[in-house]
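A short write-up of the structure that comes next.
Excluded from the calculations below are hydrogen atoms, water molecules and symmetry mates; all remaining heavy atoms, backbone and side chain alike, are included. A note on names: the letters A, B, ... follow the listed sequences, proteins ahead of strands, and every chain is numbered from 1.
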Amino acid sequence: MKVRITESLDIDLVKELWCCNRCGHELISARLNYKEGCLIRARHPLAVYQPVVEGRPYTFAPDPDWCRIVEFYCPQCGVMLENECLPPGHPITHDIELNLESLKLKHGLHG
Amino acid sequence: MSSVTGQQQLLQWLKPEEPSDYERDCAKMIEPVDYVIYFEKLNLILAEAMDVLVKCGISDMSLSGDVSVVVCTAEGDPVSCNLGTYLHVISSVLPVKYIIRQLRNDSSVGIHEGDFFFCNDPLYGNVHNPDQIIMMPIFHDGTLLAWAAATAHTNETGATEPGGMPVRARSRYDEGMHLSPIRLGERYKFRRDLLSMMENFASRSPRTFLIDLRSRVSCCDRVRIRIKELVQKKGPDFLTGLFRYILMTAESSARDRIRGWNDGIYRAVVFTDSIGLEEGLQRVSLTLTKAGDNLLFDFTGTSPEHEGSYHAFPHTVVAHAAIYLFGWPFYDLPRCTGTLASCEFTFPPGTVFSPREEAASSNSVIICSTVMSLLPQCFSKLMFDSPQRDLVGASMGNTGSGYIISGTNQWGLPETSMLAYPLNTEGGGGRVDSDGVDAMGFPWCPAGKAPNVEDEEHSYPIVCVSQKYARDSCGFGRYCGGLGTQFAIMPLLVDYLALMLVSKNSRLHTTQGLFGGYPPRVIPGVIIRNTDLLERWASGDVELPDDIHDLIAKRALAGEYCFTAHYRPTELLRKDDIFVGFSSGGAGYGDVLERDPASVIADLRNGKISNWVAKHVYCIVYDPETLKLDLDGSNKRREEMRIERCQNGLPYRHFIKNWSKHKPPEEILRYYGRWPDAQPNRNIFRL
Ligand SMILES: [Zn+2]
């Protein structure tokens, strides 16, 4: 039994797994950070933002010394499940830590 | 400082007061139908009072919606409001409760019919000292029944820089007028002695200051007159019962809604790149715990206080949380302390949200924009699997392009103002089912309005060179953020103006995208010195680009092009100098490769995005001349991009092993705290 938790993440309540909502790929235990089941890439800001003016640092594109775009992909279908703009080396956020017992009760599963 | 109220005390005052037996008895007499009819009656009274406030006031910030009028119980709990901004629903509570607790029974002050009080000190509950409040008690047969409170942001406080939000302030002693709650009027008249004192504090812009002050008093008085009419018709017990019924209904409705969301812990971090005084990386961290019908907001992990001006006190953080809470998850519940009774807030000492009392805080709204970015992150994850899924969405731009001009205006009068157009035209965030709204408004003030060019040129000694949407300014995604705007002005009819930029987000953006959407681009501070624009216009030159991006990229005007951070301390803008500003677009929602290719073509057609973005970010294939979409080509290209992601992405442990070796340069981390956990790591001295 799958419950949709975000735009592109499901939780399989019986198997207790995070799954990709797009392709069904089983990412990792729903008791862990789903990001541990993703493929991850840190991208330079210039991959997403085109500078309006030449030279550094004030170009309209974020400064690579200050931040990188860390992207989390489904390993099977390549959908971007989430991204974070983080200073280089900054820890990844464990953004969703659900109380699974409570979630199961809510959706009519007991234990 | 004597009689200053502690930060924890103020947080406790945000809880609704325990009802007295009398209030409980009165509430029992209220039928649900009374509640529906007379809650709406209160709303109409406040709508009329807001009309008085906005029509009598003259500052750009009143027009922009940085205003509110609130009616409170006799003990200071707000029960209804008209906006403006939800900020002041929270900030109105605290000075009123201070007066009730500290001044009511003091024989040298007391509270009497015909009094009105003033406060603008954040240590007593204001958001920052430009936000100034008038509070008026409402009596019936000698008994205190209610309060009216009207707040508006006024752009002058007599600080070290003009405009009420001095970016270079190092402590509260640089910020001008801070008045704890004082009785400014008696027997419905201003006290002339205090009025003169305040006028002198605001002598850079006394006319605006005094007119806005009177508009607040007129607004409160209108509430007082209408509430008294209501009491004459229905009786004081009815009003007291109605107020308590509203507080109780709000609390139980909010708790019911919270119970429907998934129990768990939700975390988000955002970053900012300036402390006002100079550039520096700071982190703001939120851990939101939802259990049963309670919400705990924990800001542990937020960077430490510093020597600059971008701080806020805890109640100000709650006020910014209220902008989101009243605007989205509880949009249909009363804007009162009852609705937030289930929310607890904790702050470890010594963060930018819990600094020592002498810290500068007149730019609290800038650092608190982080709160307006963190809450949509956490609540979107909290509400997705709930009946409130339609409220899920990425955050607005939340940059706050606060551009202040000051000087002698074209009428020969001293004038200081914050230009409202950039503030009021930030893009909305991408939603669960739709794009964000272009130039949606002022993130702090959902009901504000952006002035048009004619208003701005009439009010100030400027000519608007450009004022319109800014291409590529939205966060990209399956549902993209709304566009922000471009804005360029030049002094006209005067030789110079003082200019100050209160802002941030030129190195990185404070918002995050949602569910794979990207945050919007960043914004530099741009001034073109000593241009030939007037000469070119006079000679009938029609070749000049009408888009500021093209103008600055091609250096289409003669002059010196200066690109700096998006905060700029006070400097002169002379004749022929052009100041270029931008408002931020909203953050994007969902994977860019899932955006409907036809929508990308539409974005190109209406100038929302450039070809570069269509090609490199959305990865569609089309004819750049005719904008005809190649759907098969686009699908193939996007499939290649997904394969490339899988080929270049690393498994978690492998990624972390490489990633954790990186660290930003030391000069960026001066104000961050200890890397990476942002714990305080140095002593702060303020003189
Ligand atoms: Zn997948």
Side-chain angles (χ1 to χ4, degrees), chain A residues 3-9 33 35-42 45 47-50 52-55 57-63 65-99 102-103 106, chain B residues 262-269 271 273 281 377 381 384-385 432 472 476 506-509 512-513 515-516 518-519 521-525 549 552-553 563-565 589-594 610 612-613 616-617 642-643 645-646 648-652 655-656 659-665 668 676:
Chain A
V3 178
R4 193 166 168 205
I5 301 297
T6 76
E7 172 62 35
S8 41
L9 282 170
N33 185 352
K35 290 172 182 171
E36 295 187 32
C38 298
L39 291 175
I40 312 177
R41 176 164 61 153
V48 178
Y49 303 94
Q50 184 190 28
V52 175
V53 288
E54 300 288 314
Y58 304 110
T59 65
F60 290 83
D63 188 325
D65 281 349
W66 293 62
C67 76
R68 300 297 167 101
I69 304 155
V70 180
E71 301 188 344
F72 303 93
Y73 310 127
C74 167
Q76 181 164 287
C77 71
V79 69
M80 188 175 358
L81 301 160
E82 187 56 280
N83 69 55
E84 289 191 79
C85 280
L86 297 173
H90 186 281
I92 304 296
T93 308
H94 186 180
D95 57 337
I96 310 177
E97 191 176 340
L98 291 172
N99 179 329
S102 165
L103 189 65
K106 175 181 156 183
Chain B
N262 290 340
D263 286 345
I265 301 169
Y266 303 83
R267 299 183 189 85
V269 290
F271 302 88
D273 56 7
L281 182 69
Q377 285 286 319
K381 292 160 190 176
F384 196 95
D385 176 34
V432 67
D472 287 347
F476 312 122
S506 27
R507 300 281 194 171
L508 51 70
H509 208 288
Q512 298 277 5
F515 300 151
Y518 290 116
R521 70 177 188 190
V522 295
I523 301 172
H549 303 87
I552 58 180
F563 299 94
T564 66
Y589 176 103
D591 186 352
V592 283
L593 297 185
E594 292 188 344
S610 60
W612 190 92
V613 170
H616 292 94
V617 179
R642 290 190 188 94
I643 290 166
R645 286 173 171 180
C646 292
N648 292 320
L650 296 174
Y652 183 80
F655 174 83
I656 294 294
W659 175 249
S660 57
K661 290 178 195 153
H662 294 272
K663 187 182 176 188
I668 292 173

- Task: Give, as side chain, backbone, both or neither, the part of I656(B) having an atom under 4.5 angstrom from any heavy atom of chain A.
- Result: side chain
- Taking C-beta and beyond as the side chain, do Q512(B) and F271(B) meet within less than 4.5 Å on heavy atoms? yes
- Task: Before giving the answer on side chain to side chain contact (heavy atoms under 4.5 Å, CB included), spell out for D472(B) and H549(B) the whole-Å C-alpha distance, their side-chain angles and the decisive distance to 0.1 Å.
- Result: CA-CA 10 Å; D472(B) 287 347; H549(B) 303 87; over 6 Å; no
- Message: Return the NE2 to NE2 distance between H662(B) and H90(A), rounded to the nearest 0.5 Å.
- Response: 15.0 Å
- Just give me the residue among S660(B), P651(B), G525(B) that pairs up with chain A most often, heavy atom to heavy atom, under 4.5 Å. P651(B)
- Message: With side-chain contact (heavy atoms from CB on, under 4.5 Å) as the test, pick out the partner of V522(B) among P62(A), P45(A), P57(A).
- Response: P62(A)
- Query: Which residue out of E54(A), E82(A), E84(A) racks up the most heavy-atom pairs below 4.5 Å with chain B?
  - Reply: E82(A)
- The interface call for E71(A) against chain B, heavy-atom contacts under 4.5 Å, is side chain
- Close side-chain approach of P519(B) to Y49(A), heavy-atom, < 4.5 Å: yes
- Query: Given the options Q76(A), R68(A), E36(A), which has more heavy-atom pairs under 4.5 Å with chain B than any of the others?
  - Reply: E36(A)
- Message: For P524(B), give me all partners under side-chain contact (heavy atoms from CB on, under 4.5 Å), at least two apart in sequence or on another chain.
- Response: Y58(A), F60(A), V526(B)
- Between CD of E594(B) and OG of S8(A), what distance do you get to the nearest 0.5 Å? 6.5 Å
- Query: For the candidates D95(A), T93(A), L81(A), which exhibits the highest count of non-hydrogen atom pairs separated by less than 4.5 Å from chain B?
  - Reply: D95(A)
- Of the listed V70(A), N33(A), T59(A), I69(A), the one with the largest count of heavy-atom pairs under 4.5 Å with chain B is V70(A)
- Message: For L103(A), which atoms come within 4.5 Å of any heavy atom of chain B: side chain, backbone, both, or neither?
- Response: side chain
- When only pairs under 4.5 Å are counted, which of V617(B), V432(B), D273(B) shares the most heavy-atom pairs with chain A? D273(B)
- Message: At a 4.5 Å cut-off on heavy atoms, which part of L593(B) comes close to chain A: side chain, backbone, both, or neither?
- Response: neither
- Task: Look up atom NZ in K381(B) and atom CG in L9(A), then write down how far apart they are to the nearest 0.5 Å.
- Result: 9.5 Å
- Count the heavy-atom pairs under 4.5 Å between each of P676(B), A565(B), S610(B) and chain A, then report the option with the highest count. A565(B)
- Query: Who wins among R521(B), R642(B), K663(B) for the most heavy-atom pairs under 4.5 Å with chain A?
  - Reply: R521(B)
- Side chain, backbone, both or neither: which part of H509(B) has a non-hydrogen atom closer than 4.5 Å to chain A? neither
- Query: What part of V3(A) lies closer than 4.5 angstrom to a heavy atom of chain B: side chain, backbone, both or neither?
  - Reply: side chain
- Does R645(B) pair with D591(B) as a salt bridge, N-O distance under 4.0 Å? yes
- Item | Part of V53(A) lying under 4.5 Å from any heavy atom of chain B | side chain
- Measure P87(A) against the heavy atoms of chain B and call it side chain, backbone, both or neither at under 4.5 Å. both
- Which atoms of A42(A) come close to chain B, meaning under 4.5 Å heavy atom to heavy atom: side chain ones, backbone ones, both, or neither? both
- Heavy-atom check, side chain of I92(A) versus side chain of L86(A), under 4.5 Å: yes
- Message: Let me confirm one number: the OG-CH2 distance from S506(B) to W66(A), rounded to the nearest 0.5 Å.
- Response: 8.0 Å
- Query: Looking at side-chain heavy atoms only, is the closest gap between Y266(B) and I96(A) below 4.5 Å?
  - Reply: yes
- Task: Sort out for me which of W612(B), Y589(B), F476(B) touches chain A most, counting heavy-atom pairs under 4.5 Å.
- Result: W612(B)
- Query: Checking A268(B) against chain A: side chain, backbone, both or neither under 4.5 Å from a heavy atom?
  - Reply: backbone
- Message: I need the F515(B) CZ to Q377(B) CD distance, nearest 0.5 Å.
- Response: 8.0 Å
- Note on the structure: Honestly, the part of C38(A) sitting under 4.5 Å from a heavy atom of chain B is backbone
- Query: Does any heavy atom of chain A fall under 4.5 Å from the side chain of F655(B), the backbone, both, or neither of them?
  - Reply: side chain
- Does a side-chain heavy-atom distance below 4.5 Å link I5(A) with N262(B)? yes
- Message: If I measure from the heavy atoms of chain A, does Y518(B) come under 4.5 Å with its side chain, its backbone, both, or neither?
- Response: both
- Query: Where on T6(A) is there a heavy atom nearer than 4.5 Å to chain B: the side chain, the backbone, both, or neither?
  - Reply: both
